[in-house]
Participant: 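One structure, pasted below without further comment.
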Amino acid sequence: MSTTDARPEFSIITVTLNSEATLQRCIDSLKTQSNQDFEYIIIDGVSQDSTLQIVKANNDVIDTLVSEV
């Protein structure tokens, strides 16, 4: 098996900043997609609300979290 076989078909990137009101709905939408061959990356701008708790609660779907300072 070559390394290209293990790569996801595409990447989905969500950029957040204090997104507690909308992030869970976005993640739930990804969970229901018929094509699950993607990697999910969240880039957070150091949210001060419960955005990061939502991310932690959904770590089964999120492949990479980048927390920007």
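Numbers here are sequence positions counted from 1. From a predicted model like this one, the values you see are computed outputs, not experimental measurements.
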Participant: Answer yes or no: is there a donor N or O on one side and an acceptor on the other, between the side chain of Glu39 and the main chain of Pro8, under 3.5 Å?
Facilitator: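 A pair under 3.5 Å: no.
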Participant: Just verifying a value: how many Å separate Asp49 CG and Ile54 CD1, rounded to the nearest 0.5 Å?
Facilitator: 7.0 Å
Participant: Between Ser47 and Ser19, what is the shortest heavy-atom contact and its length?
Facilitator: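 Result for this residue pair: OG-N, 4.4 Å.
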Participant: If you compare all heavy atoms of Val61 against all heavy atoms of Lys31, which two are closest, and at what distance to 0.1 Å?
Facilitator: CG2-CE, 3.3 Å
Participant: Less than 3.5 Å apart, which donor and acceptor atoms pair up between the side chains of residues 21-29 and the rest of the protein, not counting sequence neighbours?
Facilitator:
residue : atom : partner : partner atom : Å
Gln24   : OE1  : Asn58   : ND2          : 2.9
Gln24   : NE2  : Asp28   : OD1          : 2.8
Gln24   : NE2  : Asn58   : OD1          : 3.4

Participant: Would you say that Asn59 contacts Leu65 through its side chain, given a criterion of any heavy-atom pair below 4.5 Å between the two side chains?
Facilitator: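 Side chain of Asn59 against side chain of Leu65, heavy atoms only: no contact under 4.5 Å found.
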Participant: Under 3.5 Å, is there a donor-acceptor pair between the side chain of Glu9 and the main chain of Gln36?
Facilitator: no
Participant: Could you list the residues that satisfy side-chain hydrogen bond (donor to acceptor under 3.5 Å, both in side chains) with Gln53, not counting sequence neighbours?
Facilitator: none
Participant: Any donor and acceptor pair, going by atom type alone, linking the side chain of Asp63 with main-chain N or O of Ile41 inside 3.5 Å?
Facilitator: no
Participant: Treating Ile, Leu, Val, Met, Phe, Trp and Tyr as nodes and any side-chain heavy-atom pair under 4.5 angstrom as an edge, say whether Ile13 and Val66 lie in one connected cluster.
Facilitator: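 Yes; tracing contacts between hydrophobic side chains, which count when under 4.5 Å, links both residues.
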Participant: Would you mind reporting whether Thr51 and Asp44 have side-chain heavy atoms less than 4.5 Å apart?
Facilitator: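 Heavy-atom side-chain distance check passes, below 4.5 Å.
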Participant: Quick one: ring-ring contact (aromatic ring centres under 6.0 Å, His included) pairs with a partner in residues 7-38, sequence neighbours left out?
Facilitator: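 The answer is Phe10-Phe38.
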